[in-house]
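See below for the structure under consideration.
Side-chain atoms are counted along with the backbone in the values below, which use heavy atoms only and exclude waters and symmetry mates.
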Amino acid sequence: MAMTQLVYYSKNTLDADDRGQLTNLREILEVARRKNGEAGVTGYLIFDKAYFLQILEGEKATVEETYRRIAGDKRHADVTLVDQRTIAQRNFSDWNMGSAMRSIDHEEVYLEHGISGAIDPTRLNGAKILSLATDLRDLEARRNKRSAA
Ligand SMILES: Cc1cc2nc3c(=O)[nH]c(=O)nc-3n(C[C@H](O)[C@H](O)[C@H](O)COP(=O)(O)O)c2cc1C
């Protein structure tokens, strides 16, 4: 089975009000996780007030269909494909859609990636977005482990 990994970014057009954004994002993630679970799609969603960066992985036709659906969603705009490549293994096998809303807790990771101010996705390629997502996921996993201990 041919597996693919797709990376895109888009402009976040959700209500600028913090509470409104969170409600919308919860809704998006709830549906995304359910649908991705059914479709065997995994990945990661990074977002701040301005942008979404998302990685989708799974069977090629399914990932492309999911991407087309997402690209037509009115809750974001200027959806831009950054990279798509064939993969032998998933990077986010445990996550139907992991997510990280940028917060002060993540700044060390952003700084390690040379991002000190706002995210400028036009300066990132697929490999950089993948590496940022992997590090955010690992940070989250370490924190969860510590709080469970
Ligand atoms: C930033 C963003 C990320 C999304 N990620 C996913 C996703 O990973 N999987 C998914 O099925 N839908 C995702 N969605 C939601 C889809 O756009 C769509 O609303 C949802 O799949 C329901 O589609 P339907 O109403 O045609 O069934 C995302 C939407 C946005 C705005």
Side-chain angles (χ1 to χ4, degrees), residues 3-58 60 62-87 90-144 146-147:
M3 284 227 291
T4 197
Q5 185 180 65
L6 185 156
V7 183
Y8 79 82
Y9 71 83
S10 61
K11 283 200 185 117
N12 180 349
T13 58
L14 293 174
D15 184 357
D17 164 59
D18 282 348
R19 196 184 285 248
Q21 280 230 354
L22 276 174
T23 309
N24 276 310
L25 282 160
R26 255 186 230 125
E27 260 170 45
I28 290 171
L29 282 167
E30 208 176 291
V31 174
R33 287 184 177 133
R34 178 170 48 77
K35 286 198 151 272
N36 293 354
E38 287 163 6
V41 170
T42 52
Y44 208 81
L45 178 68
I46 299 171
F47 53 94
D48 67 5
K49 283 187 193 308
Y51 288 103
F52 292 108
L53 310 173
Q54 190 173 26
I55 298 161
L56 297 165
E57 51 187 27
K60 188 167 183 282
T62 316
V63 166
E64 287 172 354
E65 184 198 318
T66 303
Y67 176 65
R68 272 197 296 276
R69 197 170 61 239
I70 296 172
D73 196 314
K74 294 282 177 287
R75 292 171 291 188
H76 59 173
D78 300 342
V79 178
T80 307
L81 183 67
V82 178
D83 194 20
Q84 183 174 1
R85 63 189 186 111
T86 301
I87 49 166
R90 296 172 192 258
N91 286 97
F92 300 93
S93 47
D94 295 337
W95 306 70
N96 284 330
M97 191 44 63
S99 70
M101 179 172 73
R102 188 169 180 180
S103 78
I104 191 83
D105 291 348
H106 298 143
E107 286 315 298
E108 62 187 86
V109 173
Y110 281 94
L111 285 174
E112 279 166 19
H113 286 263
I115 304 170
S116 53
I119 298 178
D120 177 2
T122 62
R123 298 183 55 188
L124 300 173
N125 60 25
K128 284 185 179 160
I129 294 172
L130 179 65
S131 146
L132 177 63
T134 308
D135 286 349
L136 288 170
R137 173 202 60 190
D138 291 347
L139 175 75
E140 208 62 30
R142 280 200 303 279
R143 294 226 164 114
N144 288 341
R146 231 179 282 149
S147 61

Hey, mind stepping through K35 and T66 against side chain to side chain contact (heavy atoms under 4.5 Å, CB included) and telling me if it holds? CA-CA 9 Å; K35 286 198 151 272; T66 303; over 6 Å; no
Go through the steps to decide whether L25 and L14 satisfy the test side chain to side chain contact (heavy atoms under 4.5 Å, CB included), and finish with yes or no. CA-CA 9 Å; L25 282 160; L14 293 174; 3.9 Å; yes
Could you walk me through whether Q84 and E64 satisfy the side chain to side chain contact (heavy atoms under 4.5 Å, CB included) test, starting with their C-alpha distance in whole Å, then the side-chain angles of each, then the deciding distance to 0.1 Å, before giving a yes or no? CA-CA 10 Å; Q84 183 174 1; E64 287 172 354; 3.1 Å; yes
Apply side chain to side chain contact (heavy atoms under 4.5 Å, CB included) to residues L56 and M97 and explain how you reach the verdict. CA-CA 8 Å; L56 297 165; M97 191 44 63; 3.7 Å; yes
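A donor-acceptor pair under 3.5 Å is absent between the side-chain atoms of T4 and the main chain of T86, judged by distance alone. Between the S10 side chain and the D78 main chain, no donor and acceptor come within less than 3.5 Å of each other.
Side-chain contact between V79 and I70: absent, with no pair of heavy atoms (C-beta onward) separated by less than 4.5 Å. Residues R85 and V7 have side chains not in contact (no heavy-atom distance under 4.5 Å, counting atoms from C-beta outward).
Of all heavy-atom pairs spanning A77 and T13, the tightest one is CB-CG2, 3.8 Å. Residue V82 comes nearest to N125 through the heavy atom pair CG1-C, 3.8 Å, listed as atom of the first residue, atom of the second, then distance. The two residues I55 and A133 have their closest heavy-atom pair at CD1-CB, 3.6 Å. When all heavy atoms are compared, the tightest approach of I115 to L124 is CD1-CD2, 4.4 Å. Heavy atoms only, all atoms of each residue included: L136 and A100 are closest at CD1-CB, 4.2 Å. Between R33 and S99, the shortest heavy-atom contact is NH2-OG, 3.4 Å.
By the neighbour-count criterion of 12 heavy atoms within 6.0 Å, atom CD of E108 is densely surrounded, having more than that number from other residues, nucleotides or ligands. A 6.0 Å sphere centred on CZ of R69 holds more than 12 heavy atoms belonging to other residues, nucleotides or ligands.
Put simply, OG1 on T80 and OH on Y9 are 4.0 Å apart, with the number rounded to the nearest 0.5 Å. To the nearest 0.5 angstrom, H76 atom NE2 is 9.5 Å from N12 atom CG. To the nearest 0.5 Å, atom CG of residue L130 and atom CG of residue L53 are 11.5 Å apart. Rounding to the nearest 0.5 Å gives a distance of 11.5 Å between NE2 of H113 and CD1 of I119. The line from CD of E27 to OG1 of T23 is 7.5 Å long, rounded to the nearest 0.5 Å. Here the CZ atom belonging to R102 is positioned 4.0 Å from the CD atom belonging to E107, to the nearest 0.5 angstrom.
Remark: R137 fails to qualify as a cation-pi partner of Y44 under the 6.0 Å distance and 45° angle criteria applied to the six-membered ring.
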